[in-house]
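Heads up, the thing below is written out as structure tokens.
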Amino acid sequence: MILGGLVDLLTLLDEAVAALKAPLGEEEREQGWTDDLRREVQEEISLSRSALRRHGAGTVRYLRPRFDEWMEWEGVRSGRLRSLVTDVQRCLVDAQRAA
């Protein structure tokens, strides 16, 4: 992964963490999000972000993003947060392929 790709990935992770730190609105709750799930997903993304910042781009190959399975299991429906978390997973997987 080149430096620009890492910067873009970290920017997306920052955006996701910020969005998931915010209190859930009624729309997100209707889509199946709970406070516990929001916190757990936010923590997992934060851990990935911290690992990449501390240890560099090579760390991406050790990350195992499975947010889609997690959200499916929890019954989360389509919406802004699910799309953002899905983008995070896609970018992490793309970065793993490029590493």
Side-chain angles (χ1 to χ4, degrees):
M1 175 191 315
I2 58 173
L3 182 59
L6 179 60
V7 171
D8 292 343
L9 178 56
L10 289 172
T11 300
L12 178 60
L13 296 176
D14 288 342
E15 179 184 336
V17 168
L20 289 162
K21 280 186 177 181
L24 292 172
E26 188 59 36
E27 187 174 339
E28 286 91 8
R29 291 187 188 284
E30 289 173 2
Q31 293 163 358
W33 287 94
T34 63
D35 289 327
D36 287 341
L37 178 61
R38 176 189 55 80
R39 269 191 300 277
E40 290 169 359
V41 172
Q42 183 266 319
E43 287 172 7
E44 287 296 317
I45 293 173
S46 290
L47 288 171
S48 296
R49 179 181 67 171
S50 293
L52 288 167
R53 281 205 171 111
R54 284 188 195 133
H55 305 290
T59 305
V60 75
R61 72 187 84 166
Y62 300 105
L63 303 176
R64 298 290 176 250
R66 290 200 160 89
F67 301 116
D68 58 345
E69 294 172 12
W70 196 355
M71 290 184 295
E72 189 67 33
W73 176 259
E74 294 290 337
V76 174
R77 293 180 298 285
S78 296
R80 178 185 65 88
L81 284 181
R82 183 170 179 142
S83 293
L84 182 57
V85 173
T86 300
D87 286 347
V88 166
Q89 178 171 316
R90 181 183 42 76
C91 288
L92 287 170
V93 169
D94 289 349
Q96 287 173 334
R97 289 184 185 133

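Only this structure's heavy atoms are used, side chains among them; waters, hydrogens and symmetry mates stay out.
- One distance of note links CG of Leu47 with CG of Leu63; it measures 9.5 Å at 0.5 Å rounding.
- At least one donor-acceptor pair closer than 3.5 Å links the side chain of Gln96 to the backbone N or O of Val60.
- Connection of Val93 to Val85 is not established within any shared hydrophobic cluster, with ILVMFWY side chains joined at heavy-atom distances below 4.5 Å, either directly or through further cluster members.
- Remark: Glu74 engages Leu37, Trp70, Val76 in a side-chain contact (heavy atoms from CB on, under 4.5 Å) (not counting sequence neighbours).
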*Step by step, would you call Leu81 with Val41 a side chain to side chain contact (heavy atoms under 4.5 Å, CB included)?*
CA-CA 10 Å; Leu81 284 181; Val41 172; over 6 Å; no

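- Going from atom CD of Glu28 over to atom CG of Leu20 covers 9.5 Å, rounded to the nearest 0.5 Å.
- Sorted by first and then second residue, the salt bridge (Lys or Arg N to Asp or Glu O under 4.0 Å) pairs with a member in residues 48-65 read Asp14-Arg49, Asp14-Arg53; sequence neighbours excluded.
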*Mind running side chain to side chain contact (heavy atoms under 4.5 Å, CB included) on Leu12 and Asp8 for me, showing each step along the way?*
CA-CA 6 Å; Leu12 178 60; Asp8 292 343; over 6 Å; no

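- Scanning both residues, Arg39 and Asp36, for their nearest heavy atoms gives NH2-OD1, 2.6 Å.
- Proximity of Met71 to Trp33: side-chain heavy atoms (C-beta onward) are separated by under 4.5 Å at one or more points.
- Residues Ala19 and Arg80 come closest through the heavy atom pair CB-NH1, 3.9 Å.
- Counting only N and O atoms by type, the side chains of Glu44 and Ser48 include no donor and acceptor under 3.5 Å apart.
- Note that CZ of Phe67 and CG of Leu84 are 10.5 Å apart. Values are rounded to the nearest 0.5 Å.
- Identified under the salt bridge (Lys or Arg N to Asp or Glu O under 4.0 Å) test for residues 15-27, with sequence neighbours left out: none.
- Residues Arg38 and Asp35 form a side-chain contact, since some pair of their non-hydrogen atoms from C-beta on lies under 4.5 Å apart.
- Side-chain contact between Leu13 and Val88: present, with at least one pair of heavy atoms (C-beta onward) separated by less than 4.5 Å.
- When side chains are defined from C-beta on, Glu72 does not count as touching Arg66, because their heavy atoms never get closer than 4.5 Å.
- Side-chain atoms of Thr59 come within 3.5 Å of backbone atoms of Gly56 as a donor-acceptor pair (strictly under, hydrogens ignored).
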